[in-house]
Amino acid sequence: MSTALLRMGIRGRRLIQFRFCSSLTTRQNSYYEHYDSGTRNLIDEFTTYCYQRNLERAMKTLNVMQRGKVFADSITYSELIKCCIASRAIAHGKRIHKHVFSGGYEPKSFLINNLLNMYVKFGLLDEAQALFDEMPERNVVAWTTMISAYAADSELKDKALEFLTLMVRDGVIPNMYTFSSVLRACQGPGILRQIHCSIIKVGLESDVYVRSSLIDAYSRWGESDNALCVFNEMVTGDLVVWNSIIGGFAQNCDGDTALCLYKQMKGAGFVTDQSTLTSVLGACTGLALLELGRQVHVHVLKYDHDLILNNALLDMYCKCGSLDDASCIFTHMDEKDVISWSTMIMGMAQNGFSRKALDLFEEMKDSGIKPNYITILGVLFACSHAGFVEDGQYHFRSMKKLFGINPGREHYGCMVDLLGRAGKLDEAVKLIHEMECEPDAVTWRALLGACRVHREMDLAAYAANKIIKHDPYDAGTYTLLSNIYAKSQRWQEASMVRNAMKNKGIKKEPGCSWIEVNKCIHTFIVGENSHPQISNIIRELKQIIWGLKEVGYVPDTDFVMQDLEGEQMEDSLQYHSEKLAIVFGIMSLSSGQTIRIRKNLRICGDCHVFAKLLAKMESRSIVIRDPIRYHHFQDGFCSCGDYW
DNA sequence: ATAGGGTTAG
């Protein structure tokens, strides 16, 4: 007689040893054949229900079996617990937990680990911790389950790292599961490097899970170089590792590298999935590559029910200035969440369609989706850009009451912008002093922007000094401040600012514009006449300026109040990068096509007038995206309403 | 039995 059957006899009851393992273990380990056909049928039924994750029926069948003195063992319970997790049956899970410990036999360690995992999956960390504390022996799985639980909680990441130390102290050796969990808990590049060292020491760096976690962790802390090192050391990788590195660069605003890696990935024969496409769309968004984005859209159609992917698509079209496409996708999405709505509201606002943004906000509330911090930001952004002072004040005042959202710095920034732009500079200053959180450079920049519009030199100087205090390397603000002093004939202060800039080694970022023609990106950098067709472009530009002057274009050379937010004055008025890019667009795109430009600096007043008049003269749309907002030029007007 | 990648702002 086998020892198993002997044990059954001693305990005086029958245990179910399931068919879950019958394909894995040999039949001699199974009690199954010793049962009568009625019991066998019950077990079959139970097994089927468990596989179907039909908890209700499985529990019922188990009760029937227990009445026939056939009891569950650890494997049985484990399967039941998996059922509970799948159907999120918390109460059932707790009942099974009690059951396990009230039985007359000792639960196997894997069963307790399953219970632990169940509490973690249900987010009941206290219960999990209590169970963990009671465990007679904690193996690497139990430790890893706890570490993974704490690492996933933004408030408890320190605890995950602490558990790693405790675990090692307890003599339990972390494995690749442990490391890929604990990497999520690293709260800075220092500790990350330490963990990386440990991983190398135990020789786990080539595990794909560990590798993708490392890449992700380095990317999250802005250390793309290290992420790329980890990636490049890879001999054999999988889709997720590729997705990690592509996503890492896409999120770190390095779309070029992300797209380059995407190309390599396809070259290496990998098939993309939703995650890849989401990151690639993100790269297109960052680079304003509408045509490439459209190509990716074709692949996205395969996954038309993927919400995250659709949201990324939506954002791509918004940020590439194609709101018709965005609206079309938005109306056809079968599921919309708060991010879909926020993306659309912000997209409308940034592109100058403020009324539409506010209408969407009303629609969103009607649809029952609760706005979040970012949604409200979009709403206030829309109000400030259109001068809807009362709407803005209403939404700002009611956000806490209606949605329980406390206004943050960004919200105050929008309000300062709104009030300041409406000429209520006193109220804007008052609001800054009333802020619950400390004003920062962004807040002061909003005030400075308003001062620029209303030519408030003194207040502008005050705000600019505040910005420099917060952000001592902001070249744009230095330039602006020095220009303000110069304009007010405060020469000494002007030269002091310029000296401070020189001493700190702060240099202006050169103006740069990009345009996509035939799937190729053409770059124009001010002062660097590096484009192969530059002489033709300049010749054409001169003719255009000549033509525009005939219809009333007067080049504007007053830059004093135009340097804002890192958008420094570009040196040569005539050859501003966006002018070159626009002219190149006219020369190389077919006549009906919209000209789309992306800029690294804010557009200057002169180029703005130039684009408006040119759009009218050429009867075509020009869209320029700067780091903050969008300008849709058409028929002599701009969607920004001449405020930016 | 325990582990990895994707969406809104700044």
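Labels below follow one simple rule: chain letters A, B, ... track the order of the sequence lines, proteins then strands, and each chain is numbered from 1. Predicted model only: the values in this text are computed from it and were never measured.
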Handout entry: By salt bridge (charged side-chain N to carboxylate O under 4.0 Å, His left out) - contacts of A:Lys82 (at least two apart)
Key = A:Glu79

Exercise for the section: Tell me, please, which residues at least two apart from A:Asp153 pass salt bridge (charged side-chain N to carboxylate O under 4.0 Å, His left out). Expected result: none

Side chain of [X] only, heavy atoms from C-beta on: which candidate in [options] is closest?
| X | options | value |
| --- | --- | --- |
| A:Lys121 | B:dT8, B:dA1, B:dT2 | B:dT2 |
| A:Val442 | B:dT2, B:dT7, B:dG10 | B:dG10 |
| A:Ala312 | B:dG6, B:dT7, B:dT2 | B:dT7 |
| A:Ile374 | B:dG10, B:dT8, B:dT7 | B:dT8 |
| A:Ile308 | B:dG6, B:dT8, B:dG10 | B:dG6 |
| A:Leu309 | B:dG4, B:dG6, B:dT7 | B:dG6 |
| A:Tyr177 | B:dG6, B:dG4, B:dT2 | B:dT2 |
| A:Asn372 | B:dG4, B:dT8, B:dT2 | B:dT8 |

Quickly work out the [X] [atom1] to [N] [atom2] distance and round it to whole Å.
| X | N | atom1 | atom2 | answer |
| --- | --- | --- | --- | --- |
| A:Met316 | B:dT7 | CE | P | 15 Å |
| A:Trp341 | B:dA9 | CH2 | P | 18 Å |
| A:Lys302 | B:dG6 | NZ | P | 20 Å |
| A:Ile147 | B:dT2 | CD1 | P | 15 Å |
| A:Ile329 | B:dT7 | CD1 | P | 17 Å |
| A:Tyr119 | B:dA1 | OH | P | 20 Å |
| A:Arg629 | B:dG10 | CZ | P | 10 Å |
| A:Arg445 | B:dG10 | CZ | P | 12 Å |

Base, sugar-phosphate, or nothing: which does [X] touch, judged by heavy atoms less than 4.0 Å apart?
| X | answer |
| --- | --- |
| A:Leu214 | nothing |
| A:Leu183 | nothing |
| A:Met176 | base |
| A:Val241 | base |
| A:Asp306 | base |
| A:Arg184 | sugar-phosphate |
| A:Val208 | base |
| A:Lys336 | nothing |
| A:Thr343 | sugar-phosphate |

Practice task
Could you tell me which non-hydrogen atom of A:Met167 sits nearest to which non-hydrogen atom of A:Pro174, and how far apart they are?
Solution key: CE-CA, 3.5 Å

Practice task
Return yes when atom CD of A:Glu362 has more than 12 non-hydrogen atoms of other residues, nucleotides or ligands closer than 6.0 Å, and no otherwise.
Solution key: yes

Handout entry: A:Leu301 atom CG: more than 12 heavy-atom contacts under 6.0 Å
Key = yes

Going by modelled atom types, is there a donor-acceptor pair between the base of [N] and the side chain of [X] at under 3.5 Å?
| X | N | value |
| --- | --- | --- |
| A:Ser212 | B:dG4 | yes |
| A:Asn175 | B:dA3 | no |
| A:Ser181 | B:dA3 | no |
| A:Asp207 | B:dG4 | no |
| A:Ser342 | B:dT8 | yes |

Handout entry: Ring-base stacking, A:Tyr209 with B:dA3 (5.5 Å, 30° cut-offs)
Key = yes

Exercise for the section: Respond yes when some side-chain nitrogen or oxygen of A:Asn113 is under 4.0 Å from OP1 or OP2 of B:dT2, and no when none is. Expected result: no

Problem - B:dA9 OP1/OP2 closer than 4.0 Å to side-chain N/O of A:Lys319 - result: yes

Show me the donor-acceptor pairs, under 3.5 Å and distance only, between side chains in residues 320-328 of chain A and residues at least two apart or in other chains.
residue: A:Ser322; atom: OG; partner: A:Asp325; partner atom: OD2; Å: 2.4
residue: A:Asp325; atom: OD1; partner: A:Arg294; partner atom: NH1; Å: 3.3
residue: A:Asp325; atom: OD2; partner: A:Arg294; partner atom: NH1; Å: 3.2
residue: A:Asp325; atom: OD2; partner: A:Arg294; partner atom: NH2; Å: 3.4
residue: A:Ser327; atom: OG; partner: A:Leu323; partner atom: O; Å: 2.8

Name every donor-acceptor pair, under 3.5 Å, that has one atom in a side chain of residues 201-210 of chain A and the other anywhere in the protein, sequence neighbours excluded.
residue: A:Asp207; atom: OD2; partner: A:Tyr209; partner atom: N; Å: 3.0
residue: A:Asp207; atom: OD2; partner: A:Val210; partner atom: N; Å: 3.0

Per-pair distances, 0.1 Å, donor-acceptor, side chain in residues 124-131 of chain A, under 3.5 Å, sequence neighbours excluded:
residue: A:Gln129; atom: OE1; partner: A:Tyr150; partner atom: OH; Å: 2.6
residue: A:Gln129; atom: NE2; partner: A:Asp133; partner atom: OD1; Å: 3.0

Completion exercise
Residues in residues 246-273 of chain A with a heavy atom under 4.0 Å of DNA chain B, by number, are A:Gln251, A:Asp273

Problem - Carboxylate-amine/guanidinium proximity below 4.0 Å for A:Arg602 and A:Asp626 - result: yes

Handout entry: Aromatic A:Phe330 / basic A:Lys336 pairing, under 6.0 angstrom, 45° off normal
Key = yes

